[in-house]
Amino acid sequence: MSYDFKSTEKKWQDIWDEKQTFAAKDDYTLPKFYGLVEFPYPSGQGLHVGHPRSYTALDIVARKKRLQGYNVLYPMGWDAFGLPTENYAIKTHIHPAVVTEQNVKRFKSQLKSLGFSFDWSREINTTDPEYYKWTQWIFLQLFKEGLAYKKEMAVNWCTSCKCVLANEEVVGGVCERCGSEVVRKVKSQWMLKITDYAEKLLKGLEDVDFIERVKTQQRNWIGRSTGAQVKFQTTAGDELQIYTTRPDTLFGATYMVMAPEHALIEKWADRLENLAEVRAYQETAAHKSDFERTEVAKDKTGVRLQGVEAINPVNGEKIPIFISDYVLASYGTGAIMAVPAHDERDYDFAKLFHLPIIEVVKGGDIEKEAFTDCATGVLVNSGFLDGMSVEEAKKAILAWLEEKGIGEKKVNYKLRDWVFSRQRYWGEPIPIVHCPHCGAVPLPEDQLPLVLPDVDSYEPTENGESPLANMTDWVNTTCPHCGAPAKRETDTMPQWAGSSWYFIRYIDPHNQNAMASEEAMRYWLPVDWYNGGMEHTTLHLLYSRFWHKFLYDIGAVTSPEPYAKRTSHGMILGENGEKMSKSRGNVVNPDDIVREYGADTMRLYEMFIGDFEKAAPWNSSSIKGCKRFLDRVWALQGDCRKGGIRAELENSFHKTIRKVTEDIENLKMNTAIAALMALLNEMTAAGPITEEELRIFLLLLNPFAPHITEEMWVQMQFGGMLNEAAWPQYEEAKCKDAQVEIAVQVCGKVKAKLNIAPDEAKDSVLQKAKELPAIAALLEGKTLVKEIYVPAKLVNLVAR
RNA sequence: GCCGUUGUGGCGGAACUGGCAGACGCAAGGGACUUAAAAUCCCUCGACAGCAAUGUCAUACGGGUUCGAUUCCCGUCAACGGCACCA
């Protein structure tokens, strides 16, 4: 009888549902495991084959951990606020909540059809007022601590979404989501001071088990650099502050550059002899979109300020000041000292404007290019720094600057504050009231949640305000502080808000009084293992670490880091090796695969497809191999005899148990499956299998293919349900082979094979090797120079 | 440009504290079963030479270290991802 996956899979999914088989227990005495995967955005397209790659991998870990006796929390929910739903609402005039509900329903049934062991009793949805009540609560805490503030600033404005974007959402000068042009626009925006946490976010990386590329990418994004802040006197009387990482090159500073937006320029307006030219340059720079600014190989531009000069503090020399957009207003002090001899950008600029280039670090050829190597250079033309290495000179000049009171050590970060408001409808309302007397006033916590009102039109307004701005009933309110008429904030939060703390809510999802109870947090936090996409490394992953560290500081959560371990899966590409997309026509729909092959095959294939961390192309033939494997497993019932593991297979079983157990922990699902396939081949080759062999085999295969294994378990009457059984144990001693075949090399080339006991003495092995006819013949008439024996691996005889 | 990752059969991939390259699977070819096909089962399967035992060459390319290198070191090339004037 062949295996009917359709009815069997449905049957077990229903049983698991009914019995709440995978619900995490509230018994805090048990050893716990909290496995987490990124909750999906329930889009109209339905589940993508990429989702199950991550979900299956941690499902395997979760299922194995349960069999090993852990209390496992493996939850799922919906990151449901977001633009596609809102855009759909604009087009169809269907309420986003209705669309969300439909999409969630579809996603949920798709996920269930794959047999994931999620604890559905803890399902959450970021658009549920009972959920976003706490998102708003966190915002209020940030506001109270001064970490949320409103600022008039040039923001990234997506011309198509009519909405502000965070720096992280602008990719290559265009909107990450829709690909439209992004321009700079000055608007008043809510900001979160993530920069206050730059150092903590960096430091925290030392204590977590994240894959290295995630750590590196976060470190680079935070972009810490150590240097000096130095004051230059100017002929206008004001001091010009600059930031440099190379204070050692101070003697080589031949000019200064300020960002076009620098505040001192306004102050110096009267003194500037070429004010019109300066103003014109400022104007051009301000109107450049991010797209223009990032265009490659852009030549340097700039204008010299006529009428003001700076004085180099080390030698009292007057040097010119320029404005140029190659200096950013938002980093450091918005002004630099230019050392053309030792900085490529300054070098280009100096060549263009025919400015002097003074070598102060010897080692390169400054006629040809800037010499930027810090490791080998020696200071010259630098007074008391002459002869020092760069490192020595940095220390010496810093001491000198500090003594004179004109400079100090300074740390800077590339990380910018997080632009937190969006002029959109489908997001969490920001719980702030603007009062003409009291300013921005937080909504009292007992008024949370501040529920999103129904609007007639979801279109952003023409002046770029949120659709909520037209809701006068809702907007007009009274000041919670003084009672005067006031207006509500109409911007909403970005999609990243709800996902920045969702893993806390899973712990205690129905709690009315807190995000989660302290007791529950103490038990479950931090998340033991979080798997997700690399694309979230500098967005969601960094944002949620920031919120969590903040919540920890105010005593609202119990762990300093949210996630103990982070891994990342590779993308599943289309059959042609390109990224799956509708326009390329290479999209594989998971529903079709489940319908044709079943969930177990789908799961197995996605795990067998290749190295979990690497991208892998879909292959519709390869999936058949996984189906065949499961059919062969099913057939094992046919000729199965009573009895324990056959003696000749004992070693293989122990080795396979060890391999599968370890591979799952290391996310090496492909080799774990390969080991199971190899064991199956070996078992069947050795004649009719035994019940104990099948029992162990089903346990090992269960996390990968849960339905077929549960079904066979019951049919074989192994007792109870498989998910209640215990994960098999292996004995190290029984993993050892009695005999191993080793290679015998002569001069590094394999010439023969030899069977020995793995612990056989070196002398004895070498003796046997030399006695092999093929080897003896080769050694005839030669002198043995060296005899190498790598235990249980090989013998190498070097002869001349 | 900088940072990171990767380069192994026709394909996906194994093996890397240096130790028999190609596990496992796909595709392909041959055979069995079948009226036939599908399914299933058995055999072959890196390249070249040879009837064969076997030999030579092969882990992007060029060097090096070593008894021995896919693995370590130096250089080059290519692909992918991230950042992009961060002083």
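Excluded from the calculations below are hydrogen atoms, water molecules and symmetry mates; all remaining heavy atoms, backbone and side chain alike, are included. So you know, we letter chains A, B, ... as the sequences are listed, proteins then strands, and number each from 1.
Following rounding to the nearest Å, K614(A) (NZ) and C80(B) (P) show an atom-to-atom distance of 17 Å. If you take OH of Y255(A) and C1' of A87(B), they are 11 Å apart, rounded to a whole angstrom. What separates CG of D343(A) from P of C2(B) is a distance of 14 Å, to the nearest Å. The CD-P distance, from E212(A) to U6(B), rounds to 12 Å in whole Å. Atom C1' of nucleotide G13(B) and atom CD of E606(A) are separated by 16 Å, given to the nearest angstrom. At whole-Å resolution of the value, CZ in F629(A) and P in U40(B) are 15 Å apart. To the nearest angstrom, P of U40(B) lies 13 Å from CG of L630(A). The interatomic distance linking I609(A) (CD1) with C11(B) (P) rounds to 16 Å, in whole Å.
Comparing the same atom, C1', in C26(B) and in A78(B) gives a spacing of 27 Å after rounding to whole Å. Between U70(B) and U17(B), the distance separating the two C1' atoms is 16 Å to the nearest Å. Between the C1' atoms of A36(B) and G46(B), the separation comes to 36 Å (whole Å). The separation of A87(B) from C72(B), taken at their C1' atoms, amounts to 37 Å, rounded to a whole angstrom. Comparing the P positions of C73(B) and U6(B) gives an interatomic distance of 13 Å, to the nearest angstrom. C51(B) and A32(B) are spaced 27 Å apart, taking the P atom of each and rounding to whole Å. One C1' atom belongs to G82(B), the other to C48(B), and the distance between them is 44 Å to the nearest Å. Taking atom P in both G19(B) and G30(B), the straight-line distance is 39 Å, to the nearest Å.
Counting any heavy atom pair closer than 4.0 Å across all strands shown, K749(A) reaches sugar-phosphate atoms only and no base atom. Counting non-hydrogen atoms under 4.0 angstrom, D611(A) reaches the backbone sugars and phosphates but no base. Residue-level contact check: E741(A) touches the bases, meaning some heavy atom is under 4.0 Å from a base atom. Counting non-hydrogen atoms under 4.0 angstrom, T537(A) reaches nothing in the nucleic acid. Nucleic acid contact class of A615(A) (heavy atoms, under 4.0 Å, all strands): sugar-phosphate only.
Listed by chain and residue number, Y255(A), F349(A), F353(A) satisfy the ring pair (Phe, Tyr, Trp, His ring centres under 6.0 Å) test with F322(A) (two or more places apart in sequence, or in another chain). Listed by chain and number, the residues in a side-chain contact (heavy atoms from CB on, under 4.5 Å) with Q241(A) are Q229(A), K231(A), T333(A) (sequence neighbours excluded). The salt bridge (Lys or Arg N to Asp or Glu O under 4.0 Å) search around K751(A) returns none, not counting sequence neighbours. For N619(A), the side-chain contact (heavy atoms from CB on, under 4.5 Å) partners two or more places apart in sequence, or in a different chain, are E575(A), Y605(A), S621(A), S622(A). Partners of D348(A) according to the salt bridge (Lys or Arg N to Asp or Glu O under 4.0 Å) rule, which considers only residues two or more places apart in sequence or in another chain, do not exist here. With sequence neighbours excluded, the residues satisfying salt bridge (Lys or Arg N to Asp or Glu O under 4.0 Å) with D631(A) are K627(A). Scanning for salt bridge (Lys or Arg N to Asp or Glu O under 4.0 Å) contacts around D759(A) gives an empty result, with sequence neighbours left out. Residues satisfying the side-chain contact (heavy atoms from CB on, under 4.5 Å) criterion with S225(A), sequence neighbours excluded, are Y243(A), T245(A), Y331(A), N412(A).
Between T216(A) and L794(A), the one whose closest nucleotide on RNA chain B sits nearer the 5' end is T216(A). Both S225(A) and V750(A) lie near RNA chain B, and the one whose nearest nucleotide falls closer to the 5' end is V750(A).
Heavy-atom contacts from other residues, nucleotides or ligands closer than 6.0 Å to NZ of K770(A) number more than 12.
Relative to the side chain of P617(A), the nucleotides A87(B), C85(B), G12(B) differ in distance, and G12(B) lies closest. With G82(B), C20(B), C3(B) as the choices, the nucleotide that has an atom nearest any side-chain atom of Q217(A) turns out to be G82(B). Candidate nucleotides G7(B), G4(B), C83(B) were compared by shortest atom distance to the side chain of R213(A), and G4(B) ranks first.
Pairs of Watson-Crick or G-U wobble type, with distances under 3.5 Å, assemble into runs of 3 or more in RNA chain B at these ranges: B:1-7 with B:77-83, B:10-12 with B:24-26, B:28-32 with B:40-44, B:46-49 with B:54-57, B:60-64 with B:72-76.
Taken to the nearest 0.5 Å, the CG atom of L797(A) stands 9.0 Å off from the CD atom of Q745(A).
Counting atom types as modelled, K414(A) pairs no side-chain N or O with a base atom of C83(B) as donor and acceptor under 3.5 Å. For K793(A) against C20(B), a side-chain-to-base donor-acceptor contact under 3.5 Å is absent.
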Polar pairs (N or O, both sides) under 3.5 Å between protein and nucleotides 65-72 of chain B?
| from | atom 1 | to | atom 2 | distance (Å) |
| --- | --- | --- | --- | --- |
| C67(B) | O2 | N796(A) | ND2 | 2.2 |

Is there any protein nitrogen or oxygen under 3.5 Å from a nitrogen or oxygen in nucleotides 22-33 of chain B, and what are the pairs?
| from | atom 1 | to | atom 2 | distance (Å) |
| --- | --- | --- | --- | --- |
| G25(B) | OP1 | N681(A) | ND2 | 3.3 |
| C26(B) | OP1 | R628(A) | NH1 | 2.4 |

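When only modelled atom types and interatomic distance are considered, Y281(A) and T301(A) share a side-chain donor-acceptor pair under 3.5 Å. For the residue pair H536(A)/E38(A), the side-chain donor-acceptor check at 3.5 Å is satisfied. Between the side chains of E606(A) and T56(A), no donor-acceptor pair is found at a separation under 3.5 Å.
Contact between the side-chain N/O atoms of Y326(A) and the OP1/OP2 oxygens of A87(B) is not found at any separation under 4.0 Å. Look at K751(A) and you'll find a side-chain N or O under 4.0 angstrom from OP1 or OP2 of G55(B).
For residues 246-256 of chain A, every residue pair satisfying the salt bridge (charged side-chain N to carboxylate O under 4.0 Å, His left out) rule, not counting sequence neighbours, is listed here: R246(A)-D248(A).
Nucleotide G29(B) carries an anti base; the chi torsion (O4'-C1'-N9-C4 or O4'-C1'-N1-C2) is more than 90° from 0.
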